[in-house]
Every structure is written in structure tokens, then in C-alpha cells.
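Worksheet for the structure shown next.
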Protein chains: 2
Amino acid sequence: MKRPTIYDVAERAGVSKSLVSLVLRDSPRVSAERREAVLAAMRELDYTPSRLAAGLAGTRTRSVGVVIDDFANLWFVEALAGLRESLASGGYSLSVADTRLNAHLSLDPIAVFRALRVDGVVLAGEASPEAVRRLGVPAVVLGTRALGGDDVAGRGAGSGTDPAVPVIASDEAEGGRLAVRHLAGLGHRRIACVSGPGASAGERERGYSDEMRTLGFEPNVVRAAETSEAAARAVAGELWAGSRTAERPTAGAIDAPTAVFAVNDPMAVGVIGAARAAGRAFPEELSVVGYDDSPLAAYALLSLTTVSGDSRHVGEQAGRTLVSMIEGAERPVSMRFVPRLVERASTVPPAR
Amino acid sequence: MKRPTIYDVAERAGVSKSLVSLVLRDSPRVSAERREAVLAAMRELDYTPSRLAAGLAGTRTRSVGVVIDDFANLWFVEALAGLRESLASGGYSLSVADTRLNAHLSLDPIAVFRALRVDGVVLAGEASPEAVRRLGVPAVVLGTRALGGDDVAGRGAGSGTDPAVPVIASDEAEGGRLAVRHLAGLGHRRIACVSGPGASAGERERGYSDEMRTLGFEPNVVRAAETSEAAARAVAGELWAGSRTAERPTAGAIDAPTAVFAVNDPMAVGVIGAARAAGRAFPEELSVVGYDDSPLAAYALLSLTTVSGDSRHVGEQAGRTLVSMIEGAERPVSMRFVPRLVERASTVPPAR
DNA sequence: TTGTACGCGTTATCAA
DNA sequence: TTGATAACGCGTACAA
């Protein structure tokens, strides 16, 4: 009941082990005749070469590790699909580790990848820069990530220099600008932003503030404790708290915003929920823009205008870049993709 | 710049490679003195044992493969978290393969796992039963899956016998019954079901029909082409199509349902959207129950009553079961967990 | 083209 | 307890 080895295949095909090895790596210098014999033997024996042995003997394992923050994040799921696509087509298998769980188990994801002898790593979540450097294999950063001063990616990411660890991401600040431009184009001037913690939210918020100032509007940011629907709903009330209402037409009070940019789709839903609870008509009295173009944005009940980063494509490019780093000598180059606005029914011109 | 090996550690600690190996597997039969010396050497050399070599030399790789249908499915993501938890704590690393992508790349996920020499597989998606059998390693089925007549799990799954491949799942038919009982308890009698393709939807629908008949009500099932919000919305209109309305009070027309059980949360949202488009008040004129207790069910805007299967726990148990099969002689036993109803605001007593 | 020998980093099996 | 040595399955020369 033992697994067949390359020796068994060679014997059955009546050739040497070397030849079998050559067929496996489909070398061009084997006669069609012998090749067929070998392939037939492999089929008959139901032979599958061992990646373990190949990795041990060879110079690479044809596997890469992906460090992920949170599996429930749909952004990652999409990016992961793109990653898998470009990596699998290059013959690389993928193993994943999420930082949350590993932290819970007090297991450094990078240590796991070291033990696995991966040929490269994709950083889609926080990982110790020092650990990555010690790993000694190519790495790419996938998506926006908090970049500390000592980050492996350096500071030049996207600014023209080619860092040791390229950053492949969507330009999320540009996404924030897009949202503001869209709302301003509809005629809105009092546009608020519901933001939250994390690097992505930070970039999106930054783009929002930039564009607001560019247009001569006053940025108005409210930050939630988390980037969730509930957290956004909890703080959205502040948007109306000090504002002029029918009951409170005091001087000095600020006019309430007519539009809100939420840094992700669930938070946009939270804002809509809060608005409805406060008796404001949606979308007539409050336009809302989300971010990520998640499935829920397309729900008829919401029909959310949102910013799409095409994370699948970003993931695919990250995979390509990593493979080129592993296989070639090409110097890695960071990429930043421009997002686009998906217009739906949650944004309309302001009332009056 | 080469990686340190077990030889280096042995030399530095002044012991044999065998002893280092024993320390690695923390065997009880090594003197505390030597052990400390070895550990110190490992630390100083920044040594990480190679899983490749260990797998090649040993009898197992301490890795398991997970076959997944669709990564975007939140159910899997939750279950995966549970799986990772129970497997990682046993020292097993995980590699995943989704059938959709692999099919696209014409790559049999099981073949990949064979090459990786995994110690076991978790089937959370469709996989060729024959391929699994040929793999020759323990396997568990995670979640409800279409069971063909020749399925590896056999037919006895959950019916008292212990099949070769145990099934660890939530009792989804019971979930359907729960939903009906809840609605009936509120006073509803005309309860419809919006179902779709797939094993899970089938089980949920079956539970619905069972319970409806038990209560003496007439089952009323409408099936969507997919299990998505859009597909559900597209067919929900049928629920009111032939029904008695103010404009069409013809004899023989059927009364419209006062409640709907959708086989998942997005579909429930689709039903609500369709109801609103048809001018029916929600939830006053139409109560809706979803399934899976996905994050969106908790959104204030929806506040969906839903059935929760606690997939994380199911995943965790699947991991435990697989580990016990790999390591022990315990005979595997299928498990079926009872779901629970999460009551929110989308279900109310019928009008009048 | 083919055969041969060796190395890859561990575990497993015996001896000591 | 410890240590030597043989697998483990394959890549990579190198020589034939």
C-alpha cells in the first residue's frame, strides 16, 4: 500500500529515474516515445510526485505564504481569489495564516512560513518587518497597510523609488476624493465623513479631507470605534447633534450635512439606519456613499453608491509581482490602482 | 547565508542529531541538562526545523487540506476560523483549495493535496468521492453537502451508523422547522418559502415543508435560480402574482402569504426589497425570516430574524474529529448540531 | 540521451 | 539515555 515513487515509474517505463525527472519538469530534450512511456507509467501507477521531496531536493518549494488580518473581510476574500489565480497558474500553492488567530495561539505567522520554507510571502495584514526581513525571501505588500517608520516597505512606496518590498494596492485616498467629487457634482456642499480606525480608513478619510479643502468646503469627520455598521450607527448621531433643526434654530448652530461619505459599505448602512432613526428621509435628505462595492451595496433595498477598488485585480497583480521576484531578476515595482465610482440610488442632489 | 540545520544545532550543543530530534518532539527521555543546551543552541542559531524534511522522513506531514466551494461564502469563513483553531492547536497547518478556481484552472484539488502529502482532508465543497478514497487519508465532511448515491460518506450519515467519512454539520432541516414554528407561533398560517439550488437550501426547504405539513398548513415554495439577493428578488413577485388583491378580488385567487422563510439572509433581503417594491409594508404586512445570522441580519435597517447554525463551532468540531482520526484509533462519529433562532424585528404577528 | 552518485534536513531503527 | 546510520523521494551534477 505504499505510494509509488519516481523509481517505480522509471522501472515500469523501462527508463532511468533521471528521465522521469526530466519528463516531470517537461524538458524539451526527451523523445516523444520515451515521454509517452513515462506518462503512461505514471498514469497506471497513479503516481503523484511529492512536493516535500521536490522542495527538499530542489532550490524552491513552489509555495507562498499569505499573511491575512481577518478572514471575514470580504476585501481579502476577493483579493485572495486574484492571488490564487495568478499564483496557481504559476504552479505555486498557497498557505494562509491570519494574524488574529495566530496571535490568539501565540504563533508568529512568519515563523510558520519559515518552517514551510515558502518561496515568498504576501503581506495582507500586519507582520513584523524584522521577521519578514529575517525570512530572507521575496515579499510584497498587498493593500493599504499601516507603514511604520521602520517598515520593510520603506517610505518610497509609490513615490517613484523601488522599495525592497513593493506595495500593490488600490489608491484609497483617490477613492475618497472620487466620493467627494461625485457628491459635490450633485450639488452637495455640507459633506461629512464617517471614518474609523485602520490604515485603509485613514487613507480614504485623507482623500476626503484633501478634496474637501480643494473644493473650498470644510471637512467634517466623525470617527467610529470600529469599522462596523453598529459602530458607525452609534456615532452618526453626532452629525445632527449640534445642527440647526426646527426645534433648535439657535444662532451659531451648524447646518446638518446633506451627504455622508462612509469609509466602507457596512458603515454606510449604519449611517442610513441612524438617519432613518432620526427621522431624516433617505436619500432625499441625506445622500450616502460607501466603499468597497460589497455585495450588499447592490441590494435593491440599499442601492448604495460606492467606490470600487477591484480588489481581485489588485490581488492578481500582487501574485504576478511576487512570482516575478521569485523567478526573475526583474526589480520589483510598486503599483497603485485607481478606483472607480459605482453610482446607484443612494446619492441624489440635495433637497431644495 | 544558509539556513541552520539540525546538524548545526547538534554541533553547537555538543550532542548528536538524534538528540536534537528528540528535543524537537519534546520526548520525556532527555536529561534536562542536554535539553537546555539544545534549546539554547536553537535560539542562538535562529533555527527553524524544516517541515519538508520532517514530512519526508516521518510518517506524517502535520498538514491538512480543506476543499472549499466558494470563499466568498461567509459560512465557510466562519467555519474555517473554527477549523483553524482546532487544527492549529494540534500543530497542523492548513492549505486550502476552492473547487471553483481549481475547476477554472483544471486542477483537481485532491491531486494537489496528494502532492502535498496531507495527513487528512476536510471536505467543505464538492470533491470526487473516488479521488478522496484514492487519497487514502482520513477525511471529514464539513457542512451539508449533496450526497450522491456513491458518496464516500455513505448513506448512514447521521442515522446512527458510523460511516468511513463522518459528517459534521448543522441540522439545517431542523433550522427550517424552527423558522416555521416561530412564524406559526406568532399566528401566521400562510407562510411561503423562497428557496434555491444547493444541498443546504434543499435541507432548509425540506424542514420547512415538513413542519408546514405537521402543522396542517400548505407548503408554498418558490425557487430562485441562485441563492442570491437578486435571484430571490426576481422570483418573490410570484408570491403575490396569483393572490387576491384589492384590484383583483376574483374568486379562486389565493390569499397572499403573510410571512416568508428565505433560505439565507441575502435572499431574505431580496424578498423584503420585492415586497417594498410591490407596495407591501414591511414587516407589518410581511414577516421575513432569514438564515445564517450573517452580519447583515444584525443591521438596524433590517433587523432580520434569522436561524443561526454556529458554523464556527461546527468547524471546530470537524477539526477535532479529523485530528482524532489522524492520531487515534477512535472510530469517527458523525455529528449534527441543532441550530437556534435569533429573534429580531423582521417578524411580527400577522395584520388584523 | 542515459545511468550514477550525492545531497537536501529530518525521522526511525537499532546498538551502545 | 544517547549515538550512529539507514531510509524518505527527488533534484542536480557528471560521466558514460
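Just so it is clear: chains get the letters A, B, ... in the order the sequence lines come, proteins before strands, and each one is counted from 1.
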Whichever of B:Gly14 and B:Ala57 has its nearest DNA chain D nucleotide further upstream toward 5': B:Gly14
So, is B:Ser21 close to the C:dT10 phosphate, meaning a side-chain N or O under 4.0 Å from OP1 or OP2? no
B:Glu85, CD: over 12 other non-hydrogen atoms inside 6.0 angstrom: yes
Partner set under side chain to side chain contact (heavy atoms under 4.5 Å, CB included) for A:Arg51, not counting sequence neighbours: A:Arg62, A:Ser93, B:Ala115, B:Leu116
Please determine whether a side-chain nitrogen or oxygen atom of A:Thr5 lies at a distance below 4.0 Å from atom OP1 or OP2 of D:dG9. no
Establish, with yes or no, whether the OP1 or OP2 oxygen of D:dT1 is under 4.0 angstrom from a side-chain nitrogen or oxygen of B:Arg34. no
Whichever of B:Gly58 and B:Leu22 has its nearest DNA chain D nucleotide further upstream toward 5': B:Leu22
Charged N-O contact under 4.0 Å between B:Arg320 and B:Glu316: yes
So do B:Leu94 and B:Leu80 actually touch side chain to side chain, heavy atoms under 4.5 Å? yes
Whole angstrom is fine here: how far is it from CD1 in B:Ile6 over to C1' in D:dT2? 14 Å
When we call it a touch if two heavy atoms are under 4.0 Å apart, what does A:Leu19 touch: a base, just sugar-phosphate, or nothing? sugar-phosphate
Please check this pair: side chain of B:Asp119 against backbone of B:Thr61, looking for a donor-acceptor N/O pair closer than 3.5 Å. yes
In numerical order, the residues of residues 49-56 of chain B whose heavy atoms come under 4.0 Å of DNA chain D are B:Leu56
Would you mind reading off the distance between B:Arg3 atom CZ and C:dT10 atom P, rounded to a whole angstrom? 11 Å
With rounding to the nearest 0.5 angstrom, report the CZ to CG distance, B:Arg114 to A:Asp46. 4.0 Å
How long is the line joining CG of B:Asp26 and P of C:dT10, in whole Å? 16 Å
Check if the side chain of A:Ser18 and the base of C:dT4 share a donor-acceptor pair of N or O atoms closer than 3.5 Å. yes
Short side-chain N/O contact to C:dT10 OP1/OP2 from B:Tyr47, under 4.0 Å: yes
To the nearest Å, give me how far apart CZ (A:Arg117) and C1' (C:dT10) are. 11 Å
Which residue lies more 5' along DNA chain C, comparing A:Tyr7 with A:Val15 via nearest heavy atoms: A:Val15
Can you find a pair of side-chain heavy atoms, one from A:Val66 and one from A:Leu142, that are under 4.5 Å apart? no
Counting only side-chain N and O atoms of B:Ser31, is one of them less than 4.0 Å from OP1 or OP2 of D:dT2? yes
